[in-house]
Amino acid sequence: MSAFMCAALAITLLPGPFSIAMSSSAYAAGVRAVPEGNRYRKQPKIPYASSRRTAASKSNYDAKFEKVLAVLKRDKRLISSIKRVAGRYNIDPIHMIGAIVGEHTYNYDTLDSAQSYYVKALAYAGIDISFEYDGEHVDTFVERPQFDRCRKTKQGNTSDKRWSCYERIWNTQFRGKRVDGKRFPKTNFNETFFQPLFSGQSFGLGQLSPLTVLKMTDRVARQSGNRKLSASNEEDVYKATMDPNVSLHYMAAVIQDAIEAYKSVGKVDISNNPGLTATLYNLGDPWSRAAKYRRSGTAWPKENYYGWLVNDRIEDLRSLL
């Protein structure tokens, strides 16, 4: 996924499978529904990296927002797919719409068409991609003793916990450090091992990263019927980021995971707050963020610049559905 996301907006629940009613037992456990609207009166500051990319393309945020909105409005097939996938993961499709619009307004040049991603997915097929750094494949790298806890404890129960653990160990024990006589780069885990051929941080309609795909593969396999992916199947992992037929499932899984994290750890229900789920989609690491929010003592989670836009333009986004 890209790299930024927190907001709140309670909207009228859609009928059917997208209505996620909280049970009385959930309320008894102290889970509160986040109130509607943005917590900030004005949009939080947009990062320089985003404004630089937009300026380089001789565009502006309003123009990019309107363009992606127009593309989605024309593509009835894509909207239908979004609704179908959202229903399978029991989330409101507005969450996926918000993530797509946010990514292509702030973190990517623009969205020309969903078809362009099918074409790009085909272009990746056959390319010799290897998830390695300095000749060492990531599967071999994580066999080092520093990573034992990730496989031999409850951390290894799911792909999300396992790869998140690998990522934490990289950050604390390898990133920018000298280990066993070898100096490792200051880059993050995803950039170091999963993007040796490309300069971007994320790919496809949902701007997913290969590491995010590997984290979510158990969740997706459980609910979609798609088979589990591994780091040794590089081409399939890149296809999952690029092919909308597959990447929509991973987008839904990321959003579903964020909702679960905030309900379980943060004790707040964000399932009807597209700005907040968009914020988390942008920033990532929802379980740590939910724990940080719970410890902070603040009344409600807050949106970032990305989620603020989703809440602010929610009626425009709803019109697509």
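Note that this is a predicted model, so its numbers are computed, not measured. Numbering of residues begins at 1 and proceeds along the displayed sequence.
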Open item on the list: Give me the atom names and distance for the closest heavy-atom approach of Asp312 to Asn38.
Closed with: N-ND2, 3.9 Å
Open item on the list: Please give me the minimum heavy-atom distance between Leu321 and Ile94, naming the atom from each residue.
Closed with: CD1-N, 3.8 Å
Open item on the list: If you define the side chain from C-beta out and look only at heavy atoms, does anything of Thr192 sit under 4.5 Å from Trp170?
Closed with: yes
Task: Pair Arg183 + Asp134, salt bridge at N-O below 4.0 Å - done: no
Open item on the list: For the CD1 atom of Ile100 and the CD1 atom of Ile79, what is their distance to the nearest 0.5 Å?
Closed with: 7.0 Å
Open item on the list: Give me the atom names and distance for the closest heavy-atom approach of Gly98 to Val310.
Closed with: O-CG2, 3.7 Å
Open item on the list: Can you classify the ring geometry of Tyr166 versus Trp163 as parallel (below 30°), tilted (30 to 60°) or perpendicular (above 60°)?
Closed with: perpendicular
TODO: Name the orientation class of the two ring planes belonging to Phe193 and Phe141 (parallel below 30°, tilted from 30 to 60°, perpendicular beyond 60°).
DONE: tilted
Task: Side chains of Ser164 and Arg168 in contact at under 4.5 Å (non-hydrogen atoms) - done: yes
- [ ] Using the test ring pair (Phe, Tyr, Trp, His ring centres under 6.0 Å), find all partners of Tyr133 that sit at least two apart in sequence or belong to another chain.
- [x] none
TODO: Kindly indicate whether the side chain of Glu234, heavy atoms from C-beta on, has any atom under 4.5 Å from the side chain of His137.
DONE: yes
Open item on the list: Please give me the minimum heavy-atom distance between Gln146 and Arg149, naming the atom from each residue.
Closed with: O-NE, 4.3 Å
Open item on the list: Once salt bridge (charged side-chain N to carboxylate O under 4.0 Å, His left out) is applied, do any residues pair with Asp180, and if so which ones, sequence neighbours excluded?
Closed with: Arg144
TODO: Mind listing the closest non-hydrogen atom pair of Pro210 and Asn190 along with its distance?
DONE: CD-OD1, 3.7 Å
Task: Closest non-hydrogen atom pair, Ala278 against Gly307 - done: CB-CA, 4.1 Å
Open item on the list: Which residues pass the side chain to side chain donor-acceptor pair (under 3.5 Å) test with Glu66, not counting sequence neighbours?
Closed with: Arg313
TODO: Please confirm whether the backbone N or O of Gly206 pairs with a side-chain atom of Ser247, one donor and one acceptor, at under 3.5 Å?
DONE: no
TODO: Side-chain contact test, heavy atoms from C-beta onward, threshold under 4.5 Å: evaluate it for Arg162 versus Val142 and give yes or no.
DONE: no
- [ ] Starting from the C-alpha separation in whole Å, work towards a yes-or-no answer on side-chain contact (heavy atoms from CB on, under 4.5 Å) for Tyr250 and Thr212.
- [x] CA-CA 8 Å; Tyr250 282 88; Thr212 297; over 6 Å; no
Task: Aromatic ring proximity, centroids under 6.0 angstrom, Phe189 and Phe174 - done: no
Task: Within-4.5 Å side-chain heavy-atom neighbours: Ile169 and Cys150 - done: yes
Task: Distance (rounded to the nearest 0.5 Å) between Glu235 CD and Met242 CE - done: 12.5 Å
Task: Distance, nearest 0.5 Å, that separates CZ of Phe65 from CG of Asn60 - done: 12.5 Å
- [ ] Not counting sequence neighbours, list each pair that qualifies as a salt bridge (Lys or Arg N to Asp or Glu O under 4.0 Å) and has a residue in residues 205-227.
- [x] Glu167-Lys215, Asp218-Lys228, Arg219-Asp257, Arg219-Glu260, Arg227-Asp236
Open item on the list: Looking at Tyr293, is its backbone amide N or carbonyl O close enough to the side chain of Ser296 to form a donor-acceptor pair, meaning the two atoms are under 3.5 Å apart?
Closed with: yes
Task: Backbone N/O of Ser224 and side chain of Arg88: donor-acceptor pair under 3.5 Å - done: yes
TODO: Flag the pair Met251 / Ile82 as yes when at least one side-chain heavy-atom distance between them is below 4.5 Å, and no otherwise.
DONE: no
Task: Test item: Asp92 side-chain N/O and His95 main-chain N/O as donor-acceptor pair under 3.5 Å - done: no
Task: Reported CD1-to-CG distance for the pair Ile97 and Leu320, which is rounded to 0.5 angstrom - done: 5.5 Å
Open item on the list: Test: ring-ring contact (aromatic ring centres under 6.0 Å, His included). Region: residues 68-89. Which pairs qualify, not counting sequence neighbours?
Closed with: Tyr89-His249
Open item on the list: One pair to check against side chain to side chain donor-acceptor pair (under 3.5 Å): Ser271 and Asp269. What are the steps and the verdict?
Closed with: CA-CA 6 Å; Ser271 63; Asp269 179 17; 2.8 Å; yes
Task: Check: Tyr306 side chain, Glu103 main-chain N or O, donor-acceptor pair, under 3.5 Å - done: yes
Open item on the list: For residues Met216 and Trp287: do they belong to one hydrophobic cluster (side chain heavy atoms under 4.5 Å, members Ile, Leu, Val, Met, Phe, Trp, Tyr)?
Closed with: no
Task: Evaluation steps, side-chain contact (heavy atoms from CB on, under 4.5 Å), between Leu78 and Leu248 - done: CA-CA 10 Å; Leu78 176 60; Leu248 286 176; 4.2 Å; yes
Open item on the list: Quick one: does any side-chain atom of Trp300 pair with a main-chain N or O of Pro35 as donor and acceptor, under 3.5 Å?
Closed with: no
Task: Trace of the side-chain contact (heavy atoms from CB on, under 4.5 Å) decision for Val34 with Asn272 - done: CA-CA 8 Å; Val34 177; Asn272 303 310; over 6 Å; no
Task: Geometric class of the Tyr106/Tyr61 ring pair [parallel <30°, tilted 30-60°, perpendicular >60°] - done: tilted
TODO: Taking Thr277 for its side chain and Pro274 for its backbone only, find out whether a donor-acceptor pair lies under 3.5 Å.
DONE: yes
Open item on the list: For Ser319, give me all partners under side chain to side chain donor-acceptor pair (under 3.5 Å), at least two apart in sequence or on another chain.
Closed with: none
Task: Crowding at NZ, Lys45 (>12 non-hydrogen neighbours, <6.0 Å) - done: no
Task: Value rounded to 0.5 Å, distance of CD in Glu191 from CG in Leu211 - done: 12.0 Å
Open item on the list: With a 6.0 Å cut-off on the ring centroids, do Phe194 and Phe131 count as close?
Closed with: yes
TODO: First locate atom NZ of Lys67, then atom CG of Asp62, and finally report the distance between them rounded to the nearest 0.5 Å.
DONE: 15.0 Å
Open item on the list: Quick check: do Pro286 and Arg289 have side-chain heavy atoms less than 4.5 Å from each other?
Closed with: no
